[in-house]
Amino acid sequence: MSSFLPVDLAHASRLINHGPTVLVTSCSADGSQRNIMAAAWSMPVEISPPRIAVVIDKHTYTRELIHASGSFGICIPGVVSTDFTYAVGSSSGRDTDKFKKYGIVSLPGKELGVPLLEQGCVAWLECRLIPEPHTQDAYDTCFGEVVAAAADSRVFAQGKWMFGPENEDLHTIHHLGRGNFVRAGAIIRARQPE
Ligand SMILES: Cc1cc2nc3c(=O)[nH]c(=O)nc-3n(C[C@H](O)[C@H](O)[C@H](O)COP(=O)(O)O)c2cc1C
């Protein structure tokens with residue numbers, strides 16, 4: 001039974017505001033091909049409408065599929081998916097069907113049909129590609145408008161992440177480089193400025 005609940009689009013930027021490593025999912029226009037890769041470089045760029053940016057190298061199979069379909073998914077893995085995240089970021093869907101190899105269970109996004117992962121993940125965002133040929137070609141940066149989002153209510157609720165010692169397995173992971181990650185850890189609350 002999934003603990004995922006829809007996230008208000010006004011809060012979608014908070015899902016990646018803290019810089020988690022994400023999984024970018026994609027599929028061909030006819031849905032017959034699916035793919036997944038890891039991306040450490042993503043960020044929100046607008047709150048309303050919710051827009052994000054993610055760097056996706058032009059040589060990846062993911063880029064090819066995203067250009068063909070005009071959409072992509074951003075799935076946010078939890079600690080339990082650390083090995084899996086590193087693995088799907090270390091091979092190309094051109095050589096291996098990663099969905100088959102790793103037995104990935106996904107559901108089709110209701111808005112755009114992109115594959116979305118809940119098992120092993122703590123949130124997802126369904127995104128429509130905003131075509132920006134210059135930034136795509138020159139900087140490998142793809143912009144997307146978030147059209148739907150959901151998160152595991154055990155760790156994200158009322159528009160906030162709730163990382164604590166009771167849900168360490170559900171913390172997001174952050175890439176330090178060369179397969180080393182740090183999990184989100186404890187929340188530090190800043191005092192209200194006077
Ligand atoms: C932890 C991690 C983070 C990564 N971050 C990015 C990234 O931000 N942008 C990118 O283009 N590639 C990144 N990569 C590399 C891609 O995931 C990798 O090239 C992948 O094999 C592409 O798969 P595809 O050809 O099936 O699309 C990362 C890899 C790992 C392991």
Side-chain angles (χ1 to χ4, degrees), residues 1-18 20-39 42-54 56 60-78 80-81 84-85 88 93 97-132 136 141-162 167 170 172-173:
M1 169 93 181
S2 171
S3 308
F4 273 61
L5 290 176
V7 169
D8 190 332
L9 286 184
H11 296 147
S13 65
R14 297 200 192 146
L15 293 171
I16 59 165
N17 199 44
H18 62 308
T21 296
V22 301
L23 301 166
V24 183
T25 54
S26 51
C27 61
S28 56
D30 66 3
S32 63
Q33 308 291 318
R34 293 181 296 175
N35 195 38
I36 183 164
M37 67 168 255
S42 72
M43 61 188 263
V45 294
E46 184 65 79
I47 292 174
S48 181
R51 295 190 187 120
I52 63 151
V54 56
I56 305 174
T60 61
Y61 185 43
T62 297
R63 268 286 285 276
E64 189 181 319
L65 291 180
I66 290 175
H67 288 314
S69 68
S71 57
F72 59 95
I74 295 285
C75 303
I76 305 180
V80 292
S81 296
F84 167 69
T85 300
V88 298
D97 180 338
K98 293 185 243 184
F99 272 76
K100 211 173 188 174
K101 178 168 181 183
Y102 298 106
I104 298 172
V105 176
S106 69
L107 52 110
K110 287 205 174 88
E111 301 294 329
L112 306 170
V114 292
L116 301 169
L117 278 60
E118 296 192 346
Q119 207 170 293
C121 286
V122 291
W124 54 253
L125 301 92
E126 205 179 354
C127 304
R128 180 179 290 120
L129 178 71
I130 302 169
E132 287 289 351
Q136 287 163 199
T141 302
C142 300
F143 290 94
E145 176 160 351
V146 182
V147 297
D152 190 319
S153 55
R154 294 172 296 171
V155 69
F156 186 94
Q158 289 158 356
K160 287 192 298 239
W161 286 108
M162 301 184 302
N167 59 13
L170 302 175
T172 53
I173 57 171

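At least one side-chain heavy atom of Leu117 sits less than 4.5 Å from a side-chain heavy atom of Ile36. Using a 4.5 Å heavy-atom threshold, the side chains of Leu129 and Cys142 count as touching.
One finds the CD1 atom of Ile52 at 12.5 Å from the CG atom of Asn17 (value rounded to the nearest 0.5 Å). Here the OG-CD distance, from Ser71 to Glu126, works out to 7.5 Å after rounding to the nearest 0.5 Å. Within the model, atoms OG of Ser81 and CG of Leu23 stand 7.0 Å from one another, a figure rounded to the nearest 0.5 Å. To the nearest 0.5 angstrom, Ile130 atom CD1 is 5.0 Å from Arg51 atom CZ. Between atom SG of residue Cys75 and atom CD1 of residue Ile104 there is a gap of 9.5 Å, rounded to the nearest 0.5 Å. Rounded to the nearest 0.5 angstrom, Thr62 OG1 and His67 NE2 are separated by 10.5 Å.
Applying the side-chain contact (heavy atoms from CB on, under 4.5 Å) test to Ala150 and every residue at least two apart in sequence or in another chain returns Phe4, Trp124. Residues that satisfy the ring pair (Phe, Tyr, Trp, His ring centres under 6.0 Å) test with Phe84, not counting sequence neighbours, are Tyr102. When the side-chain contact (heavy atoms from CB on, under 4.5 Å) test is applied to Ser42, the partners found at least two apart in sequence or on another chain are Ile16, Val22, Val54. Listed by chain and residue number, Asp140 satisfy the salt bridge (Lys or Arg N to Asp or Glu O under 4.0 Å) test with Arg63 (two or more places apart in sequence, or in another chain). Looking at residues two or more places apart in sequence or on another chain, you find a side-chain contact (heavy atoms from CB on, under 4.5 Å) between Glu64 and Tyr61, Arg94.
Residues His18 and Trp161 come closest through the heavy atom pair CE1-NE1, 3.1 Å. A pairwise comparison of heavy atoms in Cys127 and Val146 identifies SG-CG2, 4.2 Å as the closest pair. Among all heavy-atom pairs drawn from Ala53 and Thr141, the shortest one is CB-CG2, 4.0 Å. Ile66 and Ile56 make their closest contact through CD1-CD1, 3.6 Å (heavy atoms, listed as atom of the first residue, atom of the second, distance). The shortest heavy-atom contact between Cys27 and Gly113 is SG-O, 4.0 Å. For the residue pair Met162 and Ala157, the shortest heavy atom distance occurs at CE-CB, 3.7 Å.
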Legend entry - Intermediate values then yes/no, side-chain contact (heavy atoms from CB on, under 4.5 Å), Val88 and Met37: CA-CA 5 Å; Val88 298; Met37 67 168 255; 5.8 Å; no
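No donor-acceptor pair under 3.5 Å is formed between the side chain of Lys98 and the backbone N or O of Asn35. With hydrogens and angles ignored, the 3.5 Å screen pairs no side-chain donor or acceptor of Ser26 with any backbone N or O of Phe72. Proximity of a side-chain donor or acceptor of Asp97 to a complementary backbone N or O of Lys100 within less than 3.5 Å is detected. Judged by distance alone, with hydrogens and angles left aside, the side-chain atoms of Ser3 form no donor-acceptor pair with the main-chain N or O of Ser153 at under 3.5 Å. Using modelled atom types, one side-chain atom of Arg14 and one backbone atom of Gly159 make a donor-acceptor pair closer than 3.5 Å.
Glu46 CD: more than 12 foreign heavy atoms inside a 6.0 Å radius. Annotation for Ile47: atom CD1 does not count as buried by contact number, only 12 or fewer foreign heavy atoms lying within 6.0 Å.
The only option from Ile76, Ile74, Thr85, Leu15 that meets the side-chain contact (heavy atoms from CB on, under 4.5 Å) definition with Pro20 turns out to be Ile76.
Note on residues 104-117: pairs passing side chain to side chain donor-acceptor pair (under 3.5 Å), not counting sequence neighbours, are Arg34-Ser106.
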